[in-house]
Amino acid sequence: MSEKTFILTVDSESVGRLTIDMPGSSANILSRSVMKELDQMLGELAARSDIRALVIGSAKKGIFIAGADISEIEGLVDAEDAADMAAEGQAVFTKLAALPYPTIAMIDGACMGGGCEFALACTYRVASDHAKTRFSLPEVQLGILPGFGGTQRLPRLVGLIAGLEMILSGRQWDGKKSLKRHLVDACYPHDFLEDYTQRFVRETLADGGATKVIRRRRRKGIQPLLLESNGLGRALIFRKTHLSLKKTTRNQVAAYPALSATVNVLRETARCSIDVGLRKEAVALGELAITPECKTLIGLYHIKTAIEKDSGVLVAVDPVPVTKTAVIGAGVMGGGIAWLFSYRGLSVRMKDIAWPAIASGYQQAAAYYGQLRRSRRIDNREIDVCMARISSGVSFVGFGDQDLVVEAVVENMSVKKSVLAELENEIGSEALIATNTSALSVTEMGSALKRPERFIGLHFFNPVNRMPLVEIIPGEKTSPRTVASLVAFAKKMRKTPIVVKDVPGFLVNRVLMPYMNEACRLFEEGAFVERVDEALVGFGMPMGPFRLADEVGIDVAFKVASTLQEAYGERMTLSGLLSAMYEDDHLLGKKGGKGFYLYLSGKTKPVVNDQLDKRVEAVLKKVGSRRRHPPEDEILDRTLLMLVNEAARCIEEGVVEEPGYLDMAMLMGVGFPPFHGGPLRYADQRGIGRVVKRLEEFARDLGPRFTPAAILVDMAESNRRFYEPTAAAYVESSESDSL
Ligand code: NAI
């Protein structure tokens with residue numbers, strides 16, 4: 001095995017071939033040492049007069065270059081050092097761009113971050129049409145910007161509008177899209193990439209060939225050209241960009257400094273020389289790389305990677321392959337799950353007790369396909385193929401050869417147990433069984449089965465097409481093989497599986513419920529629904545707790561809250577308001593048109609349900625209290641610290657293995673704002689001691705539900721945190737200590 005990453009050969013026609021093949025790794029990563037080696041190689045290449053053109057490819061399957069080494073960015077604590085690192089990388093790619101003959105990046109696989117910037121510095125790019133060929137500049141997702149020339153070379157190639165879109169969204173472009181957007185000069189069938197690339201080289205070296213490619217690049221359409229070529233047009237582009245960022249970040253642009261910094265760099269350098277542009281890019285990267293937001297986002301990246309690699313079990317077992325699936329219960333969730341399985345190419349048998357229910361399951365699946373069609377990610381023909389994978393019936397016909405059956409009937413223990421017991425007689429001896437319960441005990445449900453070792457909780461979140469999280473809940477008797485199989489299966493469905501203990505509410509609902517309950521208590525004391533919701537949206541939540549309750553359904557929220565009250569007692573006492581809304585008023589939330597808000601037809605925005613408001617006032621009057629208008633910090637601290645406190649208890653009880661997994665579950669399950677990193681990282685950032693103190697104040701003034709979890713008290717006393725502080729955090733805390 002060669003110790004070198006870059007291997008050069010030259011053929012008889014003087015066409016060089018530089019193969020990137022990082023030793024001992026399945027991916028090519030641009031670490032500092034790899035960049036140093038590249039620099040030396042480029043020095044050698046610049047001096048070669050026997051080369052007419054250089055094709056650059058990768059020896060790794062499915063990967064061109066996967067990106068730069070994130071750990072090197074993570075360790076940076078000084079803006080100047082970070083800017084220097086970017087400038088060093090830029091200098092290497094500038095050398096590549098300045099080679100005295102054309103360079104052709106031949107891309108057949110992931111071409112990400114620094115890898116994409118590498119390709120951008122080549123004279124030409126040709127890509128394969130393989131599904132793994134993906135171009136992306138995902139740096140903003142890590143709180144930085146492309147710092148090896150990406151902010152400069154990309155817009156020059158694809159235009160300002162497309163460049164802004166690619167960098168700010170961090171989205172991946174496949175070979176065909178990259179060709180359409182002029183990021184690559186050709187996109188060839190995967191199997192013929194080598195042959196076609198050789199032809200491309202011959203053609204571009206021939207008379208007029210290069211001119212043809214350059215001319216093609218210029219054909220970007222008249223509209224972007226008109227807009228981008230004058231100051232007024234560019235001002236309009238940046239204004240639109242700002243508005244769209246406000247929308248995608250839900251008015252939280254300031255919480256993601258990398259977004260504004262990217263826009264600023266592109267705005268300031270739109271008419272600059274590339275040298276000036278690169279200098280500005282490096283300085284901006286330096287400033288971003290040391291921000292707490294960057295460290296938080298990199299922390300999340302590591303957690304995501306760890307989850308991707310986690311098999312869910314400590315022993316090595318082979319997961320059961322799942323290709324044939326069935327769902328029992330064709331409601332909101334059953335229909336959604338059938339949609340997911342069929343969309344990912346599996347056959348699904350859907351069963352319910354009556355045909356109208358089955359029809360609504362089909363409607364649910366069709367509705368999700370409709371959303372995909374509207375966003376042009378699927379066409380009618382593909383939808384027909386996917387929908388044809390779903391078959392249905394009111395009996396167990398067709399269940400005999402399924403690999404996995406997911407139960408999604410009503411949230412009632414005795415109904416679920418009897419459905420499972422009946423099911424077990426109808427399926428093969430190796431088939432796996434999962435329940436999509438929101439909060440019921442998996443162990444108890446499994447007691448209805450003769451072979452509970454193949455039974456497990458598989459908790460999808462609503463809506464199934466949007467929520468990436470799946471909680472995997474082994475019961476006491478679930479076998480490791482069943483756990484590993486469902487973890488692998490959830491990944492195949494492109495969901496994020498997190499294994500959690502079988503406790504009431506599992507992880508996400510358990511942590512969320514005290515937060516929702518506390519919001520209800522604030523309302524009962526007189527706080528306005530919209531003020532509470534606005535405060536939490538201002539914190540970064542995708543929606544406030546009342547909008548969330550309406551979306552989830554007051555009935556569903558009530559049932560989950562009741563189960564949790566029964567299990568955890570006083571600290572989860574159900575809000576009287578929620579009980580009255582469900583039991584007396586039969587309000588269902590959005591699906592019934594009425595909840596904390598009214599969903600009036602013809603109105604895009606819901607309006608506050610002032611009937612509830614009047615009721616609160618009447619109750620307050622009856623007990624002789626006056627309406628309170630709690631300040632925003634009280635609203636935030638009461639709701640969020642209830643959530644943090646319960647999250648800490650889950651760590652204490654080992655409901656989930658790692659603080660990082662809990663934080664990721666709350667990000668993916670309820671949309672906890674990523675820039676806060678999750679409830680536990682948020683607690684770390686506020687200071688555990690301060691969190692405990694505030695909880696104690698609330699416990700004294702408002703009741704024992706706020707009593708801080710023992711783990712928090714202990715951590716505060718011994719000055720511990722959930723996460724090891726990064727080098728940057730040390731600098732930050734020592735700076736603030738010295739103030
Ligand atoms: P749903 O009420 O929309 O659908 C339940 C379906 O089960 C109905 O179509 C009903 O006819 C059918 N059903 C009842 N008994 C049956 C039986 N013996 N055999 C076959 N089908 C039967 O309920 P939804 O919302 O879909 O919930 C299903 C499960 O998913 C529940 O356990 C719920 O707690 C859980 N869940 C619900 C979420 C939500 O937001 N709606 C989120 C996550 C989990």
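Each ligand, and each atom within it, is numbered from 1 in the order the structure gives.
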Are Phe675 and Tyr256 close enough that their ring centres sit under 6.0 Å apart? yes
Please list all pairs meeting salt bridge (charged side-chain N to carboxylate O under 4.0 Å, His left out) that have one or both residues in residues 338-367, counting only residues at least two apart or in different chains. none
Please indicate whether Tyr301 has more than 12 foreign heavy atoms, meaning atoms of other residues, nucleotides or ligands, lying under 6.0 Å from its OH. no
Could you list the donor-acceptor pairs under 3.5 angstrom formed by side chains in residues 320-328, with sequence neighbours left out?
{"from": "Thr323", "atom 1": "OG1", "to": "Asp403", "atom 2": "OD2", "distance (Å)": "3.2"}
{"from": "Lys324", "atom 1": "NZ", "to": "Asp401", "atom 2": "OD2", "distance (Å)": "3.2"}
{"from": "Thr325", "atom 1": "OG1", "to": "Ser347", "atom 2": "O", "distance (Å)": "2.7"}

Any donor-acceptor N/O pair, Ser311 side chain to Ala484 backbone, under 3.5 Å: no
Once you restrict both partners to nitrogen or oxygen, which atoms of ligand 1 have a protein partner under 3.5 Å, and how far apart are they?
{"from": "ligand 1", "atom 1": "3 (O)", "to": "Val332", "atom 2": "N", "distance (Å)": "3.1"}
{"from": "ligand 1", "atom 1": "9 (O)", "to": "Asp352", "atom 2": "OD2", "distance (Å)": "2.7"}
{"from": "ligand 1", "atom 1": "11 (O)", "to": "Asp352", "atom 2": "OD1", "distance (Å)": "2.6"}
{"from": "ligand 1", "atom 1": "11 (O)", "to": "Asp352", "atom 2": "OD2", "distance (Å)": "3.4"}
{"from": "ligand 1", "atom 1": "26 (O)", "to": "Val332", "atom 2": "N", "distance (Å)": "3.2"}
{"from": "ligand 1", "atom 1": "26 (O)", "to": "Met333", "atom 2": "N", "distance (Å)": "2.8"}
{"from": "ligand 1", "atom 1": "30 (O)", "to": "Asn436", "atom 2": "O", "distance (Å)": "3.3"}
{"from": "ligand 1", "atom 1": "30 (O)", "to": "Asn436", "atom 2": "ND2", "distance (Å)": "3.1"}
{"from": "ligand 1", "atom 1": "32 (O)", "to": "Val409", "atom 2": "O", "distance (Å)": "3.3"}
{"from": "ligand 1", "atom 1": "32 (O)", "to": "Glu411", "atom 2": "OE1", "distance (Å)": "2.5"}
{"from": "ligand 1", "atom 1": "32 (O)", "to": "Lys416", "atom 2": "NZ", "distance (Å)": "2.7"}
{"from": "ligand 1", "atom 1": "34 (O)", "to": "Glu411", "atom 2": "OE1", "distance (Å)": "2.7"}
{"from": "ligand 1", "atom 1": "34 (O)", "to": "Ser438", "atom 2": "OG", "distance (Å)": "2.6"}
{"from": "ligand 1", "atom 1": "36 (N)", "to": "Ser438", "atom 2": "OG", "distance (Å)": "3.2"}
{"from": "ligand 1", "atom 1": "40 (O)", "to": "Asn462", "atom 2": "ND2", "distance (Å)": "3.2"}

Here the salt bridge (charged side-chain N to carboxylate O under 4.0 Å, His left out) pairs for residues 574-596, sequence neighbours left out, are Glu551-Lys590, Asp555-Lys591, Asp585-Arg615
